[in-house]
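Below is one structure; the comments refer to it alone.
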Amino acid sequence: MGEVSEEQKNEWKRIFDEHDTDEKEGLSRDEVKQVMCCCNQNPTDKEVDEMMTAMDKNSDEKVSFEEFCTFMQQLPDPAESMKEALEVFEGQDGKLTREKLKEILSTDDDDVVEEVLNAADINNDGFIDKEEFIKFIQN
Ligand SMILES: [Ca+2]
Ligand SMILES: [Ca+2]
């Protein structure tokens, strides 16, 4: 586990505070779910439960900022994940087509593909380029 930079901690604090909407005593199960949704995940109840168990070390049904940090430290390096994510652009001419997007999302649901494309395709040229993709992931 590497050192956590001040910047990284501030970022986690920001995420934490943003979702800790109740009395600031930590993240409840619902709030943890919100965090997961923000990470572009669509968690099932079971996944939220697992996440909760993984984060809530002292089992008080709340995730404190310390618990949150401990958990985040175990996650893969964002820069590393970003590099991996960008590998989808290999051989794609720097642009993702609708078909490629479908493949990445591994879905047959055109509505889902359309939704992602609409959300990510900032200049509306029908493709997602690297910059748009990075922005999309980071949001
Ligand atoms: Ca706790
Ligand atoms: Ca575009």
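First listed ligand is number 1; within each ligand, the first listed atom is number 1. This one's a predicted model, so the numbers in the text were calculated from it and none came from an experiment.
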Quiz item: Taking both backbone and side chain into account, is any N, O or S atom of Asn58 nearer than 3.0 Å to the Ca ion (ligand 1)?
Solution: yes

- Salt bridge or not for Lys102 and Asp109, using N-O below 4.0 Å? no

For the Ca ion (ligand 2), angle spanned by Glu132 OE1 and Phe127 O (nearest 10°) is 80°

Short check: any N/O/S atom of Asn124 below 3.0 Å from the Ca ion (ligand 2)?
no

| task | Return yes if a side-chain donor-acceptor contact under 3.5 Å exists between Thr21 and Glu31, otherwise no. | result | yes

For Asp125, the N, O or S atom at the shortest distance from the Ca ion (ligand 2) is OD1

Checklist entry - Hey, is Lys100 close enough to Glu103 for a salt bridge, meaning N to O under 4.0 Å? => result yes

Within Val63, is some N, O or S atom less than 3.0 Å away from the Ca ion (ligand 1)?
no

Parallel, tilted or perpendicular, as decided by the 30° and 60° cut-offs, for the rings of Phe68 and Phe16: tilted

To the Ca ion (ligand 2), the closest N, O or S atom belonging to Asp121 is OD1

(message) Against the six-membered ring of Phe89, is Lys95 placed for a cation-pi contact (under 6.0 Å from the centre, within 45° of the normal)?
(response) no

min-distance N/O/S atom, Asp56 vs the Ca ion (ligand 1), resolves to OD1

Output field for angle at the Ca ion (ligand 1), Asp60.OD1 vs Glu67.OE1, rounded to 10°, should show 160°

Looking at Lys9 and Glu6, is any side-chain nitrogen of the basic one under 4.0 Å from a carboxylate oxygen of the acidic one? no

